[in-house]
Amino acid sequence: MPMDFQILDADYEVINDSNPVIRLFGRGADGKSVCCFVPDFEPYFYLKASGDLHAVARLIKDTFAQVKKVEIVEKFEPIGYQKTKKEMLRVTTHLPRDVPEIRGDILKLQEVMRAEGKWEVYETDILFRNRFLIDKNLGGMVWLSAEGDPIDPVKYFRRSTSGSSRCENFACDSSILASGFKKVENFTIAPLKYLSFDIECLPLDGGMPSPDVSPIVMISFSFEPEYRGHKTLVLLARPAEGINSDVLPCKDETEMLNRFFEIFCEYDPDIVAGYNHQDFDIPYITDRVRALVAQGKAINPVVGRDGSKISYRRFGLLTRTEMKGRVVVDALPLVRRAFSLKQYTLRAVSKELLNREKLDVPPLEMEEYWFDTGEKFRKFVDYARRDAELALELILNLRLLDKYIALAQVSGSLLQEIVDGGQTSMVETLLLREFGLRDRVLLPKPDDGVSAERYEMSSDLKGGEVLEPKKGLLENVLLLDYKSLYPTIMMAHNLCYSTVVTGDTPDGATIKPPSGGEFVPPDVYKGIVPSILEDLLNQRSLTKQRMRSTSDENEYRVLDATQLAVKILLNSFYGYSGYARARLYNLTLANAVTSFGRSNILNTREIINNTIRKIVLRSGAALLLDEAGELSPHDKVVELSVAYGDTDSVFVHCQSTMDLSLEEVSLVGNRLSDIVSASLPDPMELEFESIAKRALLIAKKRYALWLFEPRNSGWEDKIKVKGMETVRRDWCELTSVTLNRVLELVLIEGNVDRAVEHVRKVVNNVRNLDPAKDSEIIESLILTRTLTRKSESYKNKQPHLTVAEKLKERTGVMPSIGTRIPFVITAGKGLFVDRAEDPDYVREHNIPIDVDYYIKKQILPPVERILEVFGVKLSSLDFDSKQKGLFDFEAKKPEVKKQEKPRPKKENNEKPKEQNLFKENGRAEQSSLFDF
DNA sequence: GGCTCTACCTAG
DNA sequence: TGAGCTAGGTAGAGCC
């Protein structure tokens, strides 16, 4: 009977020291965990040699015992348009590890052969499991239907010396030896099992615990679905009585650890979650087990589905863990990537995203709590439990994995690689597959020297064009943008590694980008990357189509994640081409893409400003001047000018002597989109996005819009802020709240007077700040900045570095690189960097705040940048001088009624990245402090 | 006050 | 945040 399962992980095992067997781990539709063994797949790579290839082939076979066979094949080289394929050698080895072993030495045969030219090896650094997945057109989270007989992995591996000890603990529900398999289309996700865990250590003197000496005293679990009726479970490293049922007291730490591994394997999770467990808990457990074993304790730390033990590897600062057959998912980096927050402590994240409180036990009192027998002990246990719960809730409630699962499916990379890494592995997987199908070989990864050289060169890569904004407050601004600009440029102009002219000269005309270089047109050779992009684009529209027709909520979510994943992949190829560590790096290509982009946006501006110039609105139609002919008094003439644009967007200012309704402005928007799109090569398209009733343009990459978007038969409005201090995390909340209010008053109510009045009040309140009374006010004065490097690598002092070093002095623990450090500026003399202080410390010690700094450096400059558009001067804001009536900005009432007050509630899965003033919960809270 | 440099964060 | 890219604004600090 065929077995259907979703591929979670893959690797290989060597049988009899001679035959590699692929192992595919997965979860079946029936809920069973599966290991599927696939024999008979062989490792190989390519060699470009010169001279008599038959002789070279013989020499290779004679020289290397690792080589199983050598064949002559016809292949294109990786980069450049080529008229014909070249003969190359495909070298098959016995074992996967033979490939890296001989790839260097094989090149030395060139001397032996006294051959001309330069020999090269290709595809020598592809992991065997990936080679298999790529060649068989499989991939991570793909559904597979496998035929074959059930086997006992223990017996199967008995012949193998390397695998025998491990497979004793083989942990899959079923194993089969595949005789055949095929990919299955299935838009559901297997019933995955999620487990998260968290450890508590007893540090010495409240400092950082060290695995050599500091014991693990508790391990908490959270399960989805339940484990034997438990949603959570807390293991204790000591006996205890009178504790509820979700607690498992053990004799000692060793017994607790053994129970941990037993429960772990019995539960058999697919997803192993935690918060920062990749960097902390897993390495700690690994080292602690090693320390205990060294003391003669017996611990069997199995976590892998194949019976492998817990382990980790450090690459510099980065830690990687692997649990065979499972996927290790650390919620911390996922939350970081998905949400722009001021801090990423579990406490801050839970509060912000789950609206859940983390419980707390002060580090210095942990010992006291642990040895307590009453309330404190129970608190400690609940605290541990809560942390495991929160980690799992983050992943499940926020659906953090959906996107990654879809990315795995669309790109063909394994889920673990995608969760751990960036775009590189996905792009390379797609490239390898497509290059293979088109008989083109791929380069190995460049070594560090080559990457460094390329890195120097990358200054030769120019990016997008940013148009100078028409600064000030504008009414009726159309927002148009190019849908997937760079991918569509690559498709439209056939830009690819395989079409760039580097050697062979094509017959006929070529495509010449503004940046230089030449590319062959698609009828000469259709580019590989453009083909991949085309497939992705088609896949996206098919997915969207299916979304419209499905009524199944789960399927809808999977499809939505899929179309998002496709979009991400579409946009990854350009970046890869200019990435110094890419297998395929080509600045001619990368520059061609951006240069077409730049000339495109400039052309667009030219067309709108000088070719179209005006649109005539007449009986529900938007006409060009030519089409309109003679004008009548009923016509509305709209004058167009591009007010701003950045890379792929254009803001068009619509001016008329008469009032314009949103519907009328839309007519113009649709017409512009049609005209400009028609002038572009397929599939490039300028889309009409939305209308800004008012737009405040401050500088390049800094603006605020009062946006209207069509929503079933009506309009939905919101404020969108880009680049300004309200969306920047290195400004305090008081700044963003104040600025948001100012923007709201100016953009929606058009009332500059009230904005000025508001700022005055805020300034006054800060001036008269009484920190003893308003200790919580400090909250809104906290700035945060990321610690980006080691102390010694900073050339200048930095406020957050000052604070980080103070923290190290006080607690003994230096915050790690990548942490966002909160700080406030305290009163005193001297440089401001020296007056940065930890907010908690300030609160505890009642240290006065530098009120002047907050007024002069935090509130006024950003506010002034906005208000100076209306002629308001800074001096009028700081003092209670009476400066009313100087400016009289009379706002026209918007002709479309604003949507009624109740705004959509902030949902948990909504990214706070995009600021919406009305959702700013800060406003209501702050109003008692600053806004009366 | 203007200029240069470092540092950070954001737009796209 | 040790692996996609560039463009660009603003601040602090040191220098003239």
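Computed from a predicted model, the values in this text were never measured in an experiment. Proteins get letters first, then strands, A, B, ... in listed order; numbering begins at 1 in each.
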Touch class at under 4.0 angstrom, heavy-atom based, for A:Y703 against every strand present: sugar-phosphate
Pair assignment for DNA chain C - dot-bracket with | for other-strand partners, Watson-Crick or G-U under 3.5 Å: ....||||||||||||
Polar contact flag, side-chain donor to acceptor under 3.5 angstrom, A:Y404-A:R337: yes
Sugar-phosphate only, base, or nothing, as touched by A:T647 at under 4.0 Å among non-hydrogen atoms: sugar-phosphate
Pairwise C1' distance for C:dG4 and B:dT6, with rounding to whole Å: 25 Å
Polar side chain donor-acceptor pair, A:R320 to A:Q278, under 3.5 angstrom: no
Expected output: side-chain A:Y486 to main-chain A:T594 donor-acceptor under 3.5 Å: no
Spatial distance of atom OH (A:Y853) from atom OG1 (A:T826) [nearest 0.5 Å]: 11.5 Å
Considering all heavy atoms, the nearest A:G139-A:L133 contact: N-CD2, 4.0 Å
Touch class at under 4.0 angstrom, heavy-atom based, for A:F832 against every strand present: sugar-phosphate
For the student: nearest non-hydrogen atoms of A:C496 and A:G527, plus distance: CB-CA, 3.9 Å
Residues A:H493, A:F596; criterion ring-ring contact (aromatic ring centres under 6.0 Å, His included); working and verdict: CA-CA 9 Å; A:H493 301 288; A:F596 271 121; 3.6 Å; yes
A:D852/A:K857 salt bridge by N-O under 4.0 Å criterion: no
Touch class at under 4.0 angstrom, heavy-atom based, for A:L461 against every strand present: sugar-phosphate
Spacing of A:D646 atom CG and A:E465 atom CD [to the nearest 0.5 Å]: 9.5 Å
Side chain to side chain contact (heavy atoms under 4.5 Å, CB included), paired with A:M724, selected from A:N740, A:I698, A:T735: A:I698
Salt-bridge present (A:D648, A:K483; N to O < 4.0 Å): no
Rounded interatomic separation in angstrom, taking CG from A:L697 and C1' from B:dA11: 14 Å
Sugar-phosphate only, base, or nothing, as touched by A:G575 at under 4.0 Å among non-hydrogen atoms: base
Separation of B:dA11 C1' from A:D481 CG (nearest whole Å): 13 Å
Interatomic distance where CZ belongs to A:F651 and P belongs to B:dA11 [whole Å]: 12 Å
Any N/O pairs under 3.5 Å between the protein and nucleotides 6-9 of chain B? List them or say none.
| unit_1 | atom_1 | unit_2 | atom_2 | d |
| --- | --- | --- | --- | --- |
| B:dT6 | O4' | A:N796 | ND2 | 3.2 |
| B:dA7 | OP1 | A:K795 | N | 2.7 |
| B:dA7 | OP2 | A:R789 | NH1 | 3.0 |
| B:dC8 | OP1 | A:T788 | OG1 | 3.2 |
| B:dC8 | OP1 | A:Y794 | OH | 2.6 |
| B:dC8 | OP1 | A:H800 | NE2 | 3.0 |
| B:dC8 | OP2 | A:T788 | OG1 | 2.6 |
| B:dC8 | OP2 | A:R789 | NH2 | 2.9 |
| B:dC8 | O4' | A:R785 | NH2 | 3.3 |
| B:dC9 | OP1 | A:T786 | N | 2.8 |
| B:dC9 | OP1 | A:T786 | OG1 | 2.9 |
| B:dC9 | OP1 | A:R820 | NH1 | 3.2 |
| B:dC9 | OP1 | A:R820 | NH2 | 3.4 |
| B:dC9 | OP2 | A:T786 | OG1 | 3.2 |
| B:dC9 | O4' | A:R728 | NH2 | 3.1 |
| B:dC9 | O2 | A:R728 | NH1 | 3.2 |

First encountered from the 5' end of DNA chain C, between A:E725 and A:G578: A:G578
Touch class at under 4.0 angstrom, heavy-atom based, for A:V833 against every strand present: sugar-phosphate
Between C:dC5 and C:dT1 - P atom distance, rounded Å: 13 Å
Taking every non-hydrogen atom, the tightest pair across A:Y497 and A:Y585: CE2-N, 4.4 Å
Heavy-atom contact window of chain A on DNA chain C, given 5' to 3' at under 4.0 Å: C:dT1 to C:dA13
